[in-house]
S.K.: 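Can you read through this structure? Questions will come right after.
Bear in mind that the values here come from a model prediction, so they are computed numbers and not experimental data.
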Amino acid sequence: MTARSEDCLTRSMSVSQINLVVSDLERSRAFYEAVGCRLRPIMLPGNEAPGAWAATTGFAPVCLHGTEFAAWWDSSAPAAAAGSATLDVTIDARPGAVAFVETIRSHGGRVVQELADMPWGQSYAVVADPDGYRWGIRSALSTE
C-alpha cells in the first residue's frame, strides 16, 4: 500500500466493538451493567438463551461473548483468558478490508480466519498482530 492509500483507508475505518470472551456470561453481564453499560442480548441461531451481550450505551463498545458464541464466529474457538480480547474494526468498503488483511499479513501479522461472508450480514476476518492480539475485520458482504 502507498502512504496515500493507507491514509484513505484509516479515514474509512473505526473501532466498532471490543469482543471479550468470558468464562461466566451472566457474571460479566452483571459487572458491565454495574459499571454503566446498557447491554442487549444476542442469541445463537436456534438458542433461546443469550450467547453474548452487546453494549448499546456506556463507556466502551464492548461485547461479552460466551465461549460457544465465540466459537460460532471464530473457527479457532477462542477461550476465556485474562488479558485477551478481539478488537473489531469496521471498514466500509470490502476492497479496503481485503487490502487491510493483506497489509496485516505482509507486516508480520497472522490471518487466523480469512475474510468470509457471515450469517449476520457482514464479511468478517480474524487476524492477529505479531504478539497475538486479535482483531476482527468487518466489512460489506462480498456480493455488495
S.K.: Could you go through the side-chain contact (heavy atoms from CB on, under 4.5 Å) check for Ile91 and Val89 one step at a time?
M.R.: CA-CA 7 Å; Ile91 302 173; Val89 174; 4.2 Å; yes
S.K.: Within a reach of under 6.0 Å around CD of Glu102, are more than 12 heavy atoms found that belong to other residues, nucleotides or ligands?
M.R.: yes
S.K.: Between the side chain of Thr56 and the main-chain N/O of Arg40, is any donor-acceptor distance below 3.5 Å?
M.R.: no
S.K.: Hey, can you pull the donor-acceptor pairs under 3.5 Å for the side chains in residues 25-38, sequence neighbours left out?
M.R.:
{"residue": "Glu26", "atom": "OE1", "partner": "Arg29", "partner atom": "NE", "Å": "3.3"}
{"residue": "Glu26", "atom": "OE2", "partner": "Arg29", "partner atom": "NE", "Å": "2.9"}
{"residue": "Glu26", "atom": "OE2", "partner": "Arg29", "partner atom": "NH2", "Å": "2.2"}
{"residue": "Arg27", "atom": "NH2", "partner": "Ser23", "partner atom": "OG", "Å": "3.3"}
{"residue": "Ser28", "atom": "OG", "partner": "Asp24", "partner atom": "O", "Å": "3.3"}
{"residue": "Arg29", "atom": "NH1", "partner": "Glu33", "partner atom": "OE1", "Å": "2.3"}
{"residue": "Arg29", "atom": "NH1", "partner": "Glu33", "partner atom": "OE2", "Å": "3.4"}

S.K.: Linking I/L/V/M/F/W/Y whenever their side-chain heavy atoms sit closer than 4.5 Å, directly or via other members, would Leu115 and Phe100 fall into one cluster?
M.R.: no
S.K.: Given side-chain contact (heavy atoms from CB on, under 4.5 Å), test Leu87 with Val15 step by step and report yes or no.
M.R.: CA-CA 7 Å; Leu87 178 74; Val15 173; 3.4 Å; yes
S.K.: What distance do Ile42 atom CD1 and Leu64 atom CG have between them, rounded to the nearest 0.5 Å?
M.R.: 9.5 Å
S.K.: Check step by step if side-chain contact (heavy atoms from CB on, under 4.5 Å) holds for Trp53 and Phe69.
M.R.: CA-CA 10 Å; Trp53 290 89; Phe69 189 85; over 6 Å; no
S.K.: When clusters are formed by joining ILVMFWY residues with side-chain heavy atoms under 4.5 Å apart, either directly or through shared neighbours, do Val101 and Trp135 land in the same one?
M.R.: yes
S.K.: Look at the side chain of Gln113 and the backbone N and O of Trp73, then say whether any donor-acceptor pair between them is shorter than 3.5 Å.
M.R.: yes
S.K.: Are the side chain of Asn47 and the backbone of Ala49 linked by a donor-acceptor contact shorter than 3.5 Å?
M.R.: no
S.K.: Using the rule that Ile, Leu, Val, Met, Phe, Trp and Tyr join whenever any side-chain heavy atoms are under 4.5 Å apart, tell me whether Ile18 and Val22 fall into a single cluster.
M.R.: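 Yes, it is one cluster - the side chains of Ile18 and Val22 are joined through contacts under 4.5 Å.
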S.K.: CZ of Arg138 to CZ of Arg94: how many Å apart, nearest 0.5 Å?
M.R.: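 One gets 15.0 Å once the value is rounded to the nearest 0.5 Å.
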S.K.: Within this structure, what is the OG-CG distance for the pair Ser139 and Asp92, rounded to the nearest 0.5 Å?
M.R.: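 One finds 7.5 Å between OG of Ser139 and CG of Asp92.
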S.K.: How close do Met43 and Pro50 get, heavy atom to heavy atom, and via which atoms?
M.R.: SD-CA, 4.0 Å
S.K.: Output yes when a side-chain donor or acceptor of Ser123 lies under 3.5 Å from a complementary backbone atom of Ala140, and no otherwise.
M.R.: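 At least one qualifying donor-acceptor pair exists.
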S.K.: Name the one of Asp88, Asp74, Thr86 that satisfies side chain to side chain donor-acceptor pair (under 3.5 Å) with Asn19?
M.R.: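 When Asp88, Asp74, Thr86 are each tested with Asn19, the side chain to side chain donor-acceptor pair (under 3.5 Å) holds only for Asp88.
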S.K.: Between Val21 and Ala79, what is the shortest heavy-atom contact and its length?
M.R.: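 Val21 and Ala79 have their closest heavy atoms at CG1-C, 3.7 Å.
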S.K.: Under 3.5 Å, is there a donor-acceptor pair between the side chain of Asp117 and the main chain of Ser142?
M.R.: yes
S.K.: Are Trp72 and Val112 connected into the same hydrophobic cluster when the rule is that any two of I, L, V, M, F, W, Y join if their side-chain heavy atoms are below 4.5 Å apart?
M.R.: yes
S.K.: Under 4.5 Å between side-chain heavy atoms, hopping through other hydrophobics if needed: is there a path connecting Ile137 to Leu20?
M.R.: yes
S.K.: Going through the checks in order, is the side-chain contact (heavy atoms from CB on, under 4.5 Å) test met by Val126 and Arg134?
M.R.: CA-CA 7 Å; Val126 179; Arg134 292 172 173 250; 3.6 Å; yes
